[in-house]
Amino acid sequence: MQVPGTWRWMLGVAGVPAVIQFALMLCMPESPRWLFMKDRKTEAISVLTKIYDVYRLEDEVEYLNSQLEEERQKKRDVRYLDVFRRKEIRLAFLAGAGLQAFQQFTGINTVMYYSPTIVQMAGFKSNQLALLLSLIVAAMNAAGSVLGIYLIDHAGRRKLALSSLAGVIVSLLILSGAFLFGSSDSTGGLSGWFAVIGLALYIAFFSPGMGPVPWTVNSEIYPEAYRGICGGMSATVNWVSNLIVAQSFLSIADALGTGPTFLILAGIAVIAFVFVSCFVPETKGLTFEEVENIWKERAWGNGSNTQSLLEQRNES
């Protein structure tokens, strides 16, 4: 049955989550560090009491007080070019931006955007069945993201990303094999079901790991003065990568075939696995200062001069 204006309802419903997010963000407290920077210490302590017990609270307040003037000085001296000039920040940005790029280049939004098309490519010609299977995929993505909230603090960021990528590689190989050795002329034959299974496994592995990990790690790996700059630049890398993949997937699939296209994505996932192994540290349970020291040690080695560029400038 045709309903007039259905496409308008489809676009309008997409605004509902945005309204909910806006309403919830009105209840979100400001960062305690930022509140201290703005001399709103009472509000900062009120936020901290919701996070720490009374013993840890005293230590956090004392630490923020001691760091207040230093943080203000750093804020005044921050420059965009320092992200690339200062070796420890450059390494942190490489890890953060690399995670964001690989999140997209391993194909997640391609799978989400084109899941009905992929299902039809696998031989399921019915539009209704293709949409139903794609809705199941979307539901799995939502459920996996909720699971990731639990796993990210229990398994750790790095381990979760690596296990997620390992599963993504296997899933993409299954998808590639289903299209390489199956026939798109059959209506949901064995190869078609293998493609759907590969699609479901891909979402099951990706959503708890490589879904939340890049965003979580990017909120933790930068020194406070550079967190806004580097976080924004990394998010830009994510969306530019998303644009590239979304615009190129169908063209590459048309030129090379769907099977080889998923094989390429599997190869990129292998590179991502190596990248995380080599460049992304574990940040679970670490303070921002401890994470900053990790980058200084990687940049200059243990026992070497790890004085920051800002500190050098302040002394000169």
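Index from 1, following the sequence.
With contacts defined as side-chain heavy-atom distances shorter than 4.5 Å, the pair Phe102/Leu165 does not qualify. With contacts defined as side-chain heavy-atom distances shorter than 4.5 Å, the pair Cys278/Val274 qualifies. Contact check for Leu48 versus Leu64: side-chain heavy atoms found under the 4.5 Å cut-off. Counting heavy atoms from C-beta outward, Tyr202 and Ile108 have side chains that approach closer than 4.5 Å. Two residues are said to be in side-chain contact when any heavy atoms from C-beta on lie closer than 4.5 Å; Tyr63 and Asp59 fail this criterion. In this structure, Cys230 and Asn218 have side chains that are not in contact, with every pair of non-hydrogen atoms separated by 4.5 Å or more. For the pair Arg157/Thr216, a side-chain contact is recorded, criterion being any heavy-atom separation below 4.5 Å from C-beta on. Side-chain contact check for Val168 versus Leu265: every heavy-atom pair is 4.5 Å or farther apart.
In terms of modelled atom types and a separation under 3.5 Å, the side chain of Lys41 and the main chain of Phe36 share no donor-acceptor contact. Side-chain atoms of Ser46 do not come within 3.5 Å of backbone N or O of Thr42 as any donor-acceptor pair. Using a distance-only test at 3.5 Å, with no hydrogens or angles considered, a donor-acceptor pair links the side chain of Ser164 to the main chain of Met210. Of the possible polar contacts, one joining the Arg298 side chain to the Phe279 backbone as a donor-acceptor pair under 3.5 Å is found. Judged purely by atom type and a 3.5 angstrom limit, Lys284 uses its side chain to pair as donor or acceptor with the backbone of His154. Remark: side-chain polar atoms of Trp295 are paired, donor with acceptor, to backbone N or O of Ile221 under 3.5 angstrom. Side chain of Ser176 to backbone of Leu172: no donor-acceptor contact under 3.5 angstrom is found. At least one donor-acceptor pair under 3.5 Å links the side chain of Glu282 to the backbone N or O of Arg158. Between the side chain of Thr106 and the backbone N or O of Gln103 there is at least one donor-acceptor pair closer than 3.5 Å.
Here CD of Gln100 is found 11.0 Å from CG of Asn242. Values are rounded to the nearest 0.5 Å. Atoms CE and CZ, on Met233 and Phe93 in that order, are 4.0 Å from each other to the nearest 0.5 Å. Note that the CG atom of Leu81 and the CD1 atom of Ile89 stand 13.5 Å from one another [nearest 0.5 Å]. Here the straight-line distance linking atom CD1 of Ile174 with atom CD1 of Ile169 works out to 12.5 Å at 0.5 Å rounding. Taking CD1 of Ile229 as the start and OH of Tyr222 as the end, the distance is 11.5 Å to the nearest 0.5 Å. Interatomic distance, Leu173 CG to Leu201 CG, rounded to the nearest 0.5 Å: 12.0 Å.
Note on Leu175: it clusters hydrophobically with Leu256, by side-chain heavy-atom contacts below 4.5 Å among ILVMFWY residues. Using a 4.5 Å cut-off between side-chain heavy atoms of Ile, Leu, Val, Met, Phe, Trp and Tyr, with links allowed through other members, Leu91 and Phe84 fall into the same hydrophobic cluster.
Glu290 CD: more than 12 foreign heavy atoms inside a 6.0 Å radius.
At a cut-off of 3.5 Å, with distance as the only test, no side-chain donor of Glu292 or Tyr226 sits close to an acceptor on the other residue. Between the side chains of Trp239 and Gln104, no donor N or O sits under 3.5 Å from an acceptor N or O. Between the side chains of Thr283 and Glu220, at least one donor N or O lies within less than 3.5 Å of an accepting N or O.
With respect to Glu58 and Arg56, no salt bridge is recorded, no charged nitrogen being found less than 4.0 Å from a carboxylate O.
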Candidate pair Val291 and Phe288, rule side-chain contact (heavy atoms from CB on, under 4.5 Å), full reasoning: CA-CA 5 Å; Val291 175; Phe288 290 130; 5.7 Å; no
side-chain contact (heavy atoms from CB on, under 4.5 Å) between Phe249 and Phe262, worked out: CA-CA 10 Å; Phe249 173 75; Phe262 281 118; 4.2 Å; yes
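The minimum heavy-atom distance between Ser207 and Gly144, with the atom names listed, is OG-CA, 3.2 Å.
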